[in-house]
Student: 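Below is one structure. I have some questions about it.
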Amino acid sequence: MDFLSDFFVRFVAQLQSPTLGFLIGGMIVAALGSELVIPDPVYQFIVFMLLIKVGLTGGQEIRNANLVEMLLPAAFAVILGILIVFIGRYTLCKLPYVKTEDGIATAGLFGAVSGSTFAAALTLLETQNIPYEAWSAALYPFMDIPALVTAIVLASIHTTKKSGTAGKRVRIWPIVKESLQGSALTALLLGLALGLLTQPESVYKTFYDPLFRGLLSVLMLIMGMEATARIGELRKVAQWYTVYAVVAPLLHGLIAFGLGMIAHYATGFSLGGVVVLAVMAASSSDISGPPTLRAGIPSANPSAYIGASTAVGTPVAIALGIPLYIGLAQALAGG
Amino acid sequence: MDFLSDFFVRFVAQLQSPTLGFLIGGMIVAALGSELVIPDPVYQFIVFMLLIKVGLTGGQEIRNANLVEMLLPAAFAVILGILIVFIGRYTLCKLPYVKTEDGIATAGLFGAVSGSTFAAALTLLETQNIPYEAWSAALYPFMDIPALVTAIVLASIHTTKKSGTAGKRVRIWPIVKESLQGSALTALLLGLALGLLTQPESVYKTFYDPLFRGLLSVLMLIMGMEATARIGELRKVAQWYTVYAVVAPLLHGLIAFGLGMIAHYATGFSLGGVVVLAVMAASSSDISGPPTLRAGIPSANPSAYIGASTAVGTPVAIALGIPLYIGLAQALAGG
Amino acid sequence: MDFLSDFFVRFVAQLQSPTLGFLIGGMIVAALGSELVIPDPVYQFIVFMLLIKVGLTGGQEIRNANLVEMLLPAAFAVILGILIVFIGRYTLCKLPYVKTEDGIATAGLFGAVSGSTFAAALTLLETQNIPYEAWSAALYPFMDIPALVTAIVLASIHTTKKSGTAGKRVRIWPIVKESLQGSALTALLLGLALGLLTQPESVYKTFYDPLFRGLLSVLMLIMGMEATARIGELRKVAQWYTVYAVVAPLLHGLIAFGLGMIAHYATGFSLGGVVVLAVMAASSSDISGPPTLRAGIPSANPSAYIGASTAVGTPVAIALGIPLYIGLAQALAGG
């Protein structure tokens, strides 16, 4: 009961968050036949700003991290990011009537990481005096960016296969190269490289970071307006997204917990760190993911992946996932 | 004499304010034949940003207000916002050579509220130890938004009538609906709804609010450039706008003072609150109004309505209106 | 040796600065065949924002300065700004294979002033207890803006001559007028006028100034992408730009030092002030210059002028120029 009411409170809070608020606002406005439009050049620039910021954040985190010490957990984070997308590709996408692009985009979002979810986990670990490595927050780009890149590449491969003639074998490498040259991944990886190799702190703190949430709200509005036009597509499949969004965070978190325990026994990675890794895998991105997927998989329906992630996946990860992994860690520490 | 010199000082200060400074700058630049342009997609986005911010501000004010206690004054504020536009519609617009759209837009601006004017009134009330309700500032969206909506709808009705064949009766409701679906009112009302129903504070404080004045300065520049091209239209009617801009603030303030006194005797609305209501009615918008009217009544000449409001109406409201209403309140309190 | 290692450290720091980092990032992204583009309307607006901010900064500096006291040094600053461009026009541009537009733009950048370079000089003067006039920083717009205007006008004259028939004499005044009406100089001079005549501090501090560095980084990215396409043009002439970028700062600084000494003997301009004037002349703009020249001389190759200025000219001015002028001043003070 406590869980249900907790879940419900979080669900309502999510609906009132600017992210989902603007999305729903856009949906309603479009449903009422409004003529409001955000001009396309502005939309493109907003996406660019968001993606380069996501990359910059990741790059700076990595630059400031102790790479030697975090080698194994970081490798596991990369593996998890990619693995989660493949799991979604071969489960969610195979369900009846689920559009493959939508399923891949959703899996990409669940592979990517929610900063606010793992911030909640860090706070809880601290109140419970469970120690964790200071650099463990820096693991997130190692999971986040591979997941998004994998999703975009898998979607490209699917699209090419679909449109290609049945007889020809599809060659993967040109598609990967093309995906990386697309404007979405270019902006993301350029930001990553600039964050890693230059010192962009001055523009990051005065420009890219403060504008981020606001520009994201505008993007959410645009995606909401588009979602209205495409909500019908989801009628037959909404239940599958709900099932996926409940099961996936817990499953992903448990796999990550297992990999984290390997690092625990192999290199002394703390149990708190294992929890952080599990929460990252359980979380689904509400910030970095939507703009990247919108630009990288334009044919996917935003109502599918954002709905699944923000309305169901995030409350499940916070209200059920975090207590589960902390409980597991405490049981193992006591044992 | 004191009044005149005070008026003159305020007039010069207005000319140096960024709002009017950029407007005049745009006029001069265009008159000198410059090729400077702000690209249209950027202009549209700026208008969107301004209007959604105006709506968000209003929505948050209303959400945080004590609606039961302020019911009667809020109802009077709505009535005043609509009434002022109708007064302008049937006085200013009937004067010789005054273009109806220009007159309606001007009346809309005088019905809308200037934040800086009523901030000046609040400061004065405090220095003079006249108590007023803490929520009285939250009355402004109740006057501001109905005034702007009324102006846009009246202008739509006028345009439709003008272009329609003389024989057919004009049906009002479709025009109201169309006005509300237009991008200007959609953005305004969407912002209002988001401010009222969600918790947009985080994006409001980091994005919509800090960018507001700057984007407004860009809009003023654009409106100035356009004004140059249309200043000739005003040659025959400038005197009427001046007369209106001197008389209207005082008249509107006195009507509001009267309505406020009804609330004073009916529900104990404080005399300080009555002054606030009167100053709101006397003030004309320099912030929320111009972008809304520019987008909602595109055929109206900005030099008419901004010139009347900012250059004459605002100094009159501050230098003459505020002392008048405070004096009235003090006389009534002493009596 | 110390100088060389100092130079190298500064060179690497420049490569990591956001300005050059985004430029190089843009070059690499374009070389890798990315599809990333910044839409043209957004690009135009970014240039507008940057130029009006440069103008606003200059205008406010001048408004707050003591014009009577600084009359002679300010006049010298104007002369230096113009003279440096003419020197470049008749040296760099005459070298084999150097494109005239590229040479003029480079000279314009070396005539313009780098805020960070002269901030470094002010800091050094203070640590060495060499007094200088408080208003000497306000000399920079007097050198900066004339240099940029001169460069754009000279480039226009060159372009017109080139395209005109050989027999006709080119009339200068219409070209100057046309340059001033172009969007680049309009935005710059409009900003200057608004900074000088109105009180734009509120929008300057909340909008134009904080957005400046970030928008500049986006512009640098665009210029980098363009540079890749045009880097081949520089193969034959890179050595000339390097020679110019080493010699010019020292030469310009010495001329300015000489003019400053005239003001020293004529009106008591302090030796510290003479150093400031020399450093301004020695510095080349990394901030105000590139956007102005990009918009004002669109045919010039940004890799030429930004490469020469940021990668070579600035380290030379800081590591060699500043110690040289401070040493000269101390020798003269002691003598």
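Reminder, nothing fancy here: chain letters follow the sequence lines and each chain counts from 1.
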Student: With a 4.5 angstrom heavy-atom cut-off, is it the side chain or the backbone of Phe22(A) that approaches chain B, or both, or neither?
Tutor: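 Both parts, heavy atoms under 4.5 Å.
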
Student: Measure the spacing between OG1 of Thr127(A) and CG of Leu124(A) and express it to the nearest 0.5 Å.
Tutor: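 The distance works out to 4.5 Å.
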
Student: For residues 207-217 of chain B, which side-chain donor-acceptor pairs fall under 3.5 Å, sequence neighbours excluded?
Tutor:
from: Tyr208(B); atom 1: OH; to: Ser217(A); atom 2: OG; distance (Å): 2.7
from: Ser217(B); atom 1: OG; to: Gly214(B); atom 2: O; distance (Å): 2.6
from: Ser217(B); atom 1: OG; to: Tyr208(C); atom 2: OH; distance (Å): 2.7

Student: Can you find a heavy atom in the side chain of Ser309(A) that is under 4.5 Å from one in the side chain of Thr106(A)?
Tutor: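 They are not in side-chain contact.
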
Student: Under 4.5 Å, heavy atom to heavy atom: which of residues 49-60 of chain A reach chain B? Give them by number, or say none.
Tutor: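 Listed by number, there are no contacting residues, so the answer is none.
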
Student: Mind checking side-chain hydrogen bond (donor to acceptor under 3.5 Å, both in side chains) for Ser156(B) and listing every partner two or more places apart, or none if nothing turns up?
Tutor: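 Ser156(B): side-chain hydrogen bond (donor to acceptor under 3.5 Å, both in side chains) contacts with Ser179(B).
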
Student: Just give me the residue among Gly25(A), Pro41(A), Gly33(A) that pairs up with chain B most often, heavy atom to heavy atom, under 4.5 Å.
Tutor: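 Ranked by heavy-atom pairs under 4.5 Å with chain B, first place is Gly33(A).
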
Student: ring-ring contact (aromatic ring centres under 6.0 Å, His included) with Tyr305(B): which residues, sequence neighbours excluded?
Tutor: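 Partners of Tyr305(B) by the ring-ring contact (aromatic ring centres under 6.0 Å, His included) criterion come out as none, since no residue qualifies.
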
Student: Using distance alone, with no hydrogens and no angle criterion, decide if Thr117(A) and Ser283(A) have a side-chain donor and acceptor under 3.5 Å apart.
Tutor: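 Their side chains do not contain a donor-acceptor pair, so the 3.5 Å distance test is not met.
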
Student: With a 4.5 Å limit on heavy-atom distance, are the side chains of Tyr43(A) and Leu219(A) in contact?
Tutor: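 Counting from C-beta outward, Tyr43(A) and Leu219(A) do come under 4.5 Å.
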
Student: Which one wins on heavy-atom pair count under 4.5 Å against chain B: Leu36(A), Ile28(A), Leu32(A)?
Tutor: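 The residue among Leu36(A), Ile28(A), Leu32(A) with the greatest pair count is Leu36(A).
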
